[in-house]
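Below, read A as the first sequence line, B as the second, and so on, with proteins coming before strands; counting in each chain starts at 1. Just so you know, these numbers use all the heavy atoms, side chains as well, and skip hydrogens, waters and symmetry mates.
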Amino acid sequence: MYDPRLSPASSATSPATAVGSLDLSAIIPVHGVDGARVRRVIGEYRAVLDTLDLTYEVIVVVSGRDPDLTEAMTNLAREGAVRVIVLGAWPGAATALSIGFAHSTGRLLLTLPPLHQVAVEALPELIGALGERDMLVVRRWPRRDGRLKQLQTRAFAFFLRTTLRLPFKDLGCGVRLFRRDVLDTVYIYGDQQRFLPVLAERYGYHVAEVDLPQAPRGEGGGPRASFLPAAYVRRLLDLLSIFFLVNYTIKPLRFFGLTGLVTFLAGTIMTLYLAAERVFMDESLADRPLLLLGLLLVVLGVQLFAIGLIGELIIYIHARNLTTYTIERLVGFEASAEEDAGAMSAMSGGVTSASDEASGGEARALHPAADRPR
Amino acid sequence: MRVAVTEADRLDLSVVIPFLNEEESIGLLCEKVAAALDPMEVRAEVILVDDGSTDQTFARAAAIADRDPRFRVIQLRRNFGQTAALSAGIRHARGEVIVTMDGDLQNDPRDIETLLDKMHEGYDVVIGWREQRQDKLITRKIPSILANGLIRWVMGTQIRDNGCALRAYRADLLQALPLYSEMHRLLPTIMTLSGARLAQVKVRHHSRQYGASKYGLSRIYKVLMDLLALKSVLGLVHLPFFGFGAAAVLFGLGAGLGFVVTLLYLVVGLPIVVMAGVTLLLSALSLFMLMLGMLSELIYRQGPLKLEHTLKITTVAPREGGASLHVS
């Protein structure tokens, strides 16, 4: 389900061609980097894409807060090299991606970082490797950067694997290739671009990780390792947000209810214990710090539970717009019934017959949504 | 929530059957369903929902759909769970009545007619009741008895068997309901609470012939939390401010009482730390509930929920002229 908050292409950047008329749209969110370097990097991306036998466009989504960067990108657009979308403020790379996607026309989407993360010569290999899968994420391997940065990536992957049972080894790499259908279904915003593969897999898309060599450091290379504690805090928050996204977005009370109940019960037991001592053993309550903790926990427990209920209310009220499943194909349904399937055919729309065949059954192209005009 | 259907496409009956890795059962089940539908004079369709099976379930289902135009297949991208599978089938159903059943041959398709007959008596939901359940006592029956008792107690309904998948619903009511998470078991309960007329009929139940049970006993915690959530949400949904407002008043009264007692302690000369603490705590809670009440009011007002999604509304035209709205 594509989020209606993003209106389709506005007049300024409106594509003259219809969706699906190009083979590939490369989307590059650009923020907080040097304009001249990005310019060079985009040139190299284009040089590689030109060698491929496909029609493509490059869409740059740039933060308008940085006038130099905006100017550099706008100049690039004037030269006809790219299409540029200037955002008034930077809403996070995932939102920028979604906006770029809304203005794109390619059947395949390729997200690229503004500075090299992956050796640019390896990109054709990535595009060739998609096959019948819906999405490819890149793991930078072999790595060429510092040990600390590698260790960070590994530690993050280790946590993902052990705590959430997610198999991805390098979610920090911004190079991804996927079918249009994926972003039609999965709505990402803020800083969620990292988790797009996780969410896509949850919607039933076939996601695979491929190894591509990391770009050498230096000109146009990625930023050097950050040793800032802020980076670690960010990672931790990332982990937490995937945890919620994966587990409790539909049933908030299962989480808040448990934490709320445990807190409430702990508080109640403490308070009852103190009350019993007061009544039966004549101990004074006023100088017991435990009372403070007990009461605090009681209040906290009630609040957590109540917030869980609010969450349930939100979900229930919006439930009719929730996508709880995606359809691979329909057999025996008339085209007319599918035409009006609303959100649902938007979900299953754009499935190419290639991915249909990938799923195991015989090639029965029964669901015509792939060719449905938008 | 339904796929838009023109009146001409409307059928009398849609049978929705979710499957998960039932390659042995599906052929036989579909034969039985077809045999049960043949003598009945209804325009019917059977929607087979493949919930991400990894075996030959989809291939066999598609083959059946090729032979018999009454059968249609929806294949989900991966395993999304029984509720999602049912929800997909229900959305695509074109019948006036939707019958759901399990894909494991434990329900008997011959009971569809029994359910339909009951529906024709004017009920909105008719659910099967497995009087003689053919399942293992410890792992299936006892948890089920406990869960049913819990549901009756929490929701205040009289449904004997919330686990029986064989049910008939009036399509327009069912398709208006939100359906997510693991709510499918509670659908009749939700519909009863929104004013639907419910009947229960005894149905046959067979022991499992092929394969293993896919949807095992649900963990009691999940059921309890889902029930609590549903109960509160259904209670809150039409009077969003009321629930939290009532809690706020309750805590507020407690706080007022505590305040008076604190004052009395002060006058008498007793230490007031504890009472003052309790008073502050209760007032904080009261304020918090008040805020949440306002928040839920806001959520309700801004949300896309329509009245008819949670309330059965019947219009009865008077004999001569005018129109009156009767909300049941």
Side-chain angles (χ1 to χ4, degrees), chain A residues 201-206 250-254 257-258 278 284-287 291-292 295-296 298-299 302-303 306-322 324-334 336-342 344-345 348 359-362 364 366, chain B residues 1 3-6 9 52 54 58-59 61-62 65-66 69 71-78 80-81 83-85 87-88 91-92 94 178-181 221-222 225-226 228-230 232-233 236-237 240 244 247 271 273-274 277-278 281 284-285 288-289 292 295-296 299-300 303-305 309:
Chain A
E201 195 154 65
R202 255 171 66 77
Y203 277 99
Y205 291 102
H206 190 357
I250 301 277
K251 288 267 103 181
L253 194 65
R254 282 193 188 157
L258 182 68
R278 173 75 184 83
S284 167
L285 266 183
D287 54 354
L291 182 71
L292 228 62
L295 291 182
L296 189 86
V298 169
V299 177
V302 172
Q303 295 190 345
I307 285 178
L309 283 181
I310 290 277
E312 290 283 343
L313 187 71
I314 294 175
I315 298 285
Y316 189 85
I317 285 176
H318 291 270
R320 293 165 58 77
N321 299 334
L322 277 180
T324 54
Y325 59 86
T326 47
I327 290 180
E328 179 82 36
R329 66 191 128 170
L330 300 166
V331 182
F333 288 82
E334 298 76 5
S336 67
E338 282 152 34
E339 206 54 40
D340 297 314
M344 200 144 41
S345 49
S348 49
S359 62
E362 317 91 328
R364 297 161 54 90
L366 294 154
Chain B
M1 195 168 257
V3 175
V5 182
T6 54
D9 292 335
T54 49
F58 175 75
D66 271 351
F71 286 79
R72 308 157 86 194
V73 187
I74 300 175
Q75 184 186 28
L76 302 188
R77 275 187 183 276
R78 66 162 174 85
F80 284 99
T83 301
S87 162
R91 269 200 206 190
H92 283 84
R94 297 172 303 175
L179 188 51
Y180 57 93
S181 186
Y221 167 74
K222 279 190 182 174
M225 279 303 136
D226 288 0
L228 266 173
L230 210 57
S232 337
V233 164
L236 286 175
V237 84
F244 287 115
V273 177
V274 174
V278 169
L281 180 140
L285 272 182
F288 186 69
M289 289 297 156
L292 284 189
L295 191 61
S296 53
I299 294 166
Y300 182 69
L305 194 79
H309 300 159

Are A/Ile327 and B/Arg77 close enough that some pair of their side-chain heavy atoms sits under 4.5 Å apart?
no
Under the side chain to side chain contact (heavy atoms under 4.5 Å, CB included) criterion, do B/Val73 and A/Arg329 qualify, and how do the steps go?
CA-CA 8 Å; B/Val73 187; A/Arg329 66 191 128 170; over 6 Å; no
Looking only at heavy atoms and a cut-off of under 4.5 Å, which of A/Leu291, A/Val302, A/Leu258 has the most pairs with chain B?
A/Leu258
Side chain to side chain contact (heavy atoms under 4.5 Å, CB included) between A/Ile310 and B/Ile299, worked out
CA-CA 9 Å; A/Ile310 290 277; B/Ile299 294 166; 3.6 Å; yes
Test side chain to side chain contact (heavy atoms under 4.5 Å, CB included) on A/Tyr325 and B/Arg91 and set out the steps.
CA-CA 12 Å; A/Tyr325 59 86; B/Arg91 269 200 206 190; 3.3 Å; yes
Quick check on A/Leu292 against chain B: is it the side chain, the backbone, both or neither that has a heavy atom closer than 4.5 Å?
neither
Non-hydrogen side-chain atoms of B/Arg78 and A/Arg202 separated by less than 4.5 Å:
yes
Evaluate side chain to side chain contact (heavy atoms under 4.5 Å, CB included) for A/Val331 paired with B/Phe71, printing each intermediate quantity in order.
CA-CA 9 Å; A/Val331 182; B/Phe71 286 79; over 6 Å; no
Roughly how far, to the nearest 0.5 Å, is CD1 of A/Ile315 from OG of B/Ser181?
9.5 Å
Under 4.5 Å to a heavy atom of chain A? For B/Tyr180 that would be both
Might you point out which heavy atoms bring A/Ile307 and B/Leu292 nearest each other, and give the distance in Å?
N-CD1, 4.4 Å
Counting heavy-atom pairs under 4.5 Å with chain B, the top scorer among A/His318, A/Gln303, A/Glu312 is A/Gln303
Examine whether an atom of B/Leu285 lies under 4.5 Å from a heavy atom of chain A, and if so say whether it belongs to the side chain, the backbone or both; otherwise answer neither.
side chain
Heavy-atom closest contact (B/Ser87 atom, A/Thr324 atom, distance):
OG-OG1, 4.5 Å
Using non-hydrogen atoms and a 4.5 Å limit, figure out which bit of B/Tyr300 sits close to chain A: side chain, backbone, both or neither.
both
Chain B contact via A/Ile314 - which portion, at a heavy-atom distance below 4.5 Å:
both
